[in-house]
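One structure is given below, encoded as structure tokens.
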Amino acid sequence: QVQLVESGGGLVQVGGSLRLSCAASGRTFSNYVISWFRRAPGKEREFVAVIDGSAGSTYYAGSVKGRFTISRDNAKNTVYLQMNSLKPEDTAVYYCAGNAYGLVTTTPKEYNYWGQGTQVTVSS
């Protein structure tokens, strides 16, 4: 079992950058596929990015590709989401999620561990 805790959210101006962190407790962190999802006010949860356990494979939503980068440091049990060139439409609560099945997927129901979320607000 793993517990996930997000941090790094905040208020930033359009065009700015933030780096989110997802810290995991528990052993065998490298076995977990980790994704970032987000939920904007009045909208459904949306996939953002995913990374496999070895960091050899990543995939991004089209809306963030080229602006966001997902990475992980298994020695620190942490996954990062570097967000550059932020836009007002990136405003949302960002969640990290994990599954231990090795399934690299964009589907929320395939993830059985979730963090509490961190707010990102991009002001214009």
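Atom set for the values below is all heavy atoms of this structure, side chains included, hydrogens, waters and symmetry mates excluded.
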Steps toward side chain to side chain contact (heavy atoms under 4.5 Å, CB included) verdict (Arg72, Phe29): CA-CA 10 Å; Arg72 69 191 295 159; Phe29 176 68; 3.3 Å; yes
Heavy-atom check, side chain of [X] versus side chain of [Y], under 4.5 Å:
X	Y	value
Val50	Thr58	no
Tyr101	Asn112	yes
Val122	Lys87	no
Val120	Thr91	no
Trp114	Leu4	no
Asn99	Tyr32	no

Co-membership, hydrophobic cluster, residues [X] and [Y], 4.5 Å side-chain:
X	Y	answer
Leu20	Ile34	yes
Val79	Val64	yes
Leu103	Phe37	no
Trp36	Val2	yes
Val93	Val12	no

Pair Asp73, Thr78: side-chain N/O donor-acceptor within cut-off below 3.5 Å: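 Judged by distance alone, the side chains do not pair up.
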Tyr111 and Ser35: side chain donor to acceptor below 3.5 Å: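 The answer is yes; a qualifying pair exists.
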Locate the shortest heavy-atom distance separating [X] from [Y]; write the atom from each residue and the value.
X	Y	value
Ser17	Ser85	OG-N, 4.4 Å
Lys43	Arg39	O-CG, 3.4 Å
Glu6	Gly117	OE1-N, 2.9 Å
Ser30	Asn74	CB-ND2, 3.4 Å

Residue pairs fulfilling disulfide bond (SG atoms under 2.5 Å apart) with at least one residue in residues 4-72, sequence neighbours excluded: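 Listed by first then second residue: Cys22-Cys96.
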Stepwise side chain to side chain contact (heavy atoms under 4.5 Å, CB included) test for Thr121 and Gln119: CA-CA 6 Å; Thr121 303; Gln119 176 71 47; 3.3 Å; yes
Flag if over 12 foreign heavy atoms under 6.0 Å of CD, Glu110: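 Above 12, so yes.
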Exceeds 12 heavy-atom contacts within 6.0 angstrom, atom CD of Glu44: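 Count not over threshold, so no.
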Inter-residue atom distance Phe68.CZ - Leu81.CG, 0.5 Å rounding: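 Separation between the atoms: 6.0 Å.
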Pairing residues for Arg67 by the side chain to side chain donor-acceptor pair (under 3.5 Å) criterion, not counting sequence neighbours: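 Partners of Arg67 under the side chain to side chain donor-acceptor pair (under 3.5 Å) test: Asp90.
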Residues in side-chain contact (heavy atoms from CB on, under 4.5 Å) contact with Arg19, at least two apart in sequence or another chain: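 Partners of Arg19 by the side-chain contact (heavy atoms from CB on, under 4.5 Å) criterion, ordered by chain and then number, come out as Tyr80, Gln82.
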Partners passing salt bridge (charged side-chain N to carboxylate O under 4.0 Å, His left out) against Glu46 (at least two apart in sequence or in another chain):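 Per chain and number, Glu46 pairs via salt bridge (charged side-chain N to carboxylate O under 4.0 Å, His left out) with Arg38.
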Side-chain (Thr107) to main-chain (Lys109) donor-acceptor, under 3.5 angstrom: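 Checked: no pair found.
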Centroid separation Phe47 to Tyr60 less than 6.0 Å: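 Between Phe47 and Tyr60, the centre distance exceeds or equals 6.0 Å.
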Residues that Tyr94 engages under ring-ring contact (aromatic ring centres under 6.0 Å, His included), provided they are two or more places apart: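 For Tyr94, no residue satisfies ring-ring contact (aromatic ring centres under 6.0 Å, His included) once neighbours in sequence are set aside.
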Hydrophobic cluster (4.5 angstrom, side-chain heavy atoms) - remaining members for Leu11: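 Once heavy-atom contacts under 4.5 Å are chained together, Leu11 still belongs with nothing else.
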